[in-house]
Amino acid sequence: MRLSRFFLPVLKETPTEAQIVSHRLMLRAGMIRQEAAGIYAWLPLGFRVLKKVEQVVREEMDRAGAIELLMPTLQLADLWRESGRYDAYGPEMLRIKDRHERELLYGPTNEEMITEIFRAYVKSYKSLPLNLYHMQWKFRDEQRPRFGVMRGREFYMKDAYSFDLDEAGARRAYNRMFIAYLNAFARLGLKAVPMRADTGPIGGDLSHEFIVLAETGESQVFCHGDLVEMGAPGPDVDWDGDLQPLVDRRTSLYAATEEMHDPARFEREVPADRRLSARGIEVGHIFYFGEKYSAPMRAVVTGPDGQDRPVQMGSYGIGVSRLLGAIIEASHDAAGVIWPDGVAPFGLGVVNLKPGDPAVDTACERAYAALSAAGLEPLYDDTFERAGAKFATMDLIGLPWQLVIGPKGTAAGEVELKRRATGQRETLSLEAALSRLTAKA
RNA sequence: CGGGGCGUAGCGCAGCCUGGUAGCGCAUCUGCUUUGGGAGCAGAGGGUCGCAAGUUCGAAUCUUGCCGCCCCGACCA
């Protein structure tokens, strides 16, 4: 993409409404525009990152055996009356009427609808296990939206729903999601710690929130410090095998959000030098809820014994749009965003320091063509801005690499390659820079 | 939903208290100079002062109502 033809409305000054760094940087980098409280338009740069994050989540869900579908944003109120949640939900749910006075709602989540789909088609235990997911815009009419995309009213979410014959099967489904989440967050450059969460009326140990530690997190969290650096199992696990040991390794150490925190246990189980008390951002939540929806909505399957029973369900959410905020909170500096390689909106920036200079233009065009052909998705700054402004913009939008090509270097047969994360710059020949970069593709 | 605050040019703000018909910086446009970390000079364009009533000869300024947005708290993916 040539910057001269792209739409990148960067701001030099910080809008006053933005209080936290990720919100400020998303506005300044021209990623989002607020259209109403908690409702944002995704400008091209932000949209590209959103799609990258979405794709990482999709690949990890698919790897774990989940099947993608797409459910609508609008749902019938009658469906929610079946589970009793239409009246239980309160003013957070946006209620709408169509021209026929039919009551609709803009979905804040999709348990009822997925249960309705499941019960319409699945009748036998032989069709299980099943895990269906979608990524869709949701709406929750928060009393007080804030922190930009981290707590909007409209938000993009991946939600998966598992169906199993019994609780043992549901636990296996839960473990698959648990591992898939660790892998997804790791690929996004995040250190996400699973923490035991409130299971509500169901009870048991099958609910975890995945928390990214950040100063601007909205909740206080407490955990064993080793959990932060434990890393993810990676894709090469036996998804049909026993994942319990991998899960146990991460759930045996103390980790709790404020509402689940037990100070006495914390001090008893965690050595003083390993006790971590920090702020955290919730980026995922997995939950086993058994028959909560399948029983009232009569989603039953026939077991091997010929008996019908309500299917055992769990749900697994990831706040995809929120993740952009979380990633920035975890990865930025004074100059701007530092995108992890896997989600950067462009693979690198090619900075032409003197457009119109034939030698520099030629070098830049060659680099741009080669990098594009290699699939690196370069953003080529071919504008007539001053060098300082170009550097500032590149640092702000946080592309992982900057290939700087100017008249002095070109005369000497040299270009400069800068790594955004470290600020390290290296001078080398254009060919060496290109082969180095394309080797990464 | 309680408490506080703010709406004046694309962005950041001043002007309001003490009414006299709108200003600064950045951005934008033109010209010249400049050219490796958000340039300089000169000129230009751009605003029904959130909306609506009211007071007044006259309202960005005073009064009332409404709308929108932000912050703190309670609540939440």
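Chain letters run A, B, ... following the sequence lines, proteins first and then strands; every chain starts at 1.
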Exercise. When you check every protein heavy atom under 4.0 Å of nucleotides 23-34 of chain B, what one-letter string (B, S, -) results, 5' to 3'?
Worked result: --BSS------B
For this session: Give the B/S/- string for nucleotides 67-77 of chain B, one per nucleotide from 5' to 3', where a protein heavy atom under 4.0 Å of the base yields B, of only the sugar-phosphate yields S, and otherwise -.
Result: --SSBBBBBBB
Contact class for [X] (heavy atom, under 4.0 Å): base, sugar-phosphate, or nothing?
X         : value
Ala392(A) : base
Gly317(A) : nothing
Thr109(A) : nothing
Arg33(A)  : nothing
Asp395(A) : base
Lys418(A) : base

Problem set entry | Mate of C69(B) where both pairing distances stay under 3.5 Å, Watson-Crick or G-U | G5(B)
For this session: Kindly confirm or rule out a cation-pi arrangement of Arg63(A) over Trp239(A), judged by NZ or CZ under 6.0 Å from the six-membered ring centre and within 45° of its axis?
Result: no
Exercise. So is Arg140(A) actually on top of Phe155(A)'s ring, under 6.0 Å and inside 45° of the axis?
Worked result: no
Exercise. Who pairs with Tyr106(A) by side-chain hydrogen bond (donor to acceptor under 3.5 Å, both in side chains), at least two apart in sequence or on another chain?
Worked result: none
Problem set entry | Parallel, tilted or perpendicular: rings of Phe266(A) and Phe222(A) (30°, 60°) | perpendicular
Problem set entry | Of residues 44-74 of chain A, the positions that come close to RNA chain B - non-hydrogen atoms, cut-off under 4.0 Å | none
For this session: Scan residues 325-357 of chain A against RNA chain B and write down, sorted by residue number, each residue with any heavy atom closer than 4.0 Å; if none is found, say none.
Result: Leu353(A)
For this session: Check the distance between G12(B)'s P and Arg24(A)'s CZ and give it to me in whole angstrom.
Result: 14 Å
Exercise. C1' atom, C67(B) versus G12(B): distance in rounded Å?
Worked result: 24 Å
Problem set entry | Gap in Å between the two P atoms, one belonging to G4(B) and one to U18(B), rounded | 23 Å
Please tabulate, for side-chain N and O atoms in residues 327-335 of chain A, each donor-acceptor pair with protein atoms closer than 3.5 Å (sequence neighbours left out).
unit_1    : atom_1 : unit_2    : atom_2 : d
Glu329(A) : OE1    : Thr216(A) : OG1    : 2.4
Glu329(A) : OE2    : Ser22(A)  : N      : 2.9
Glu329(A) : OE2    : Ser22(A)  : OG     : 2.7
Ser331(A) : OG     : Ile338(A) : O      : 2.4
His332(A) : ND1    : Ile328(A) : O      : 2.7
His332(A) : ND1    : Glu329(A) : O      : 3.3
Asp333(A) : OD1    : Ala335(A) : N      : 2.9
Asp333(A) : OD1    : Gly336(A) : N      : 3.2
Asp333(A) : OD1    : Arg420(A) : NH2    : 2.8
Asp333(A) : OD2    : Arg420(A) : NH1    : 2.8

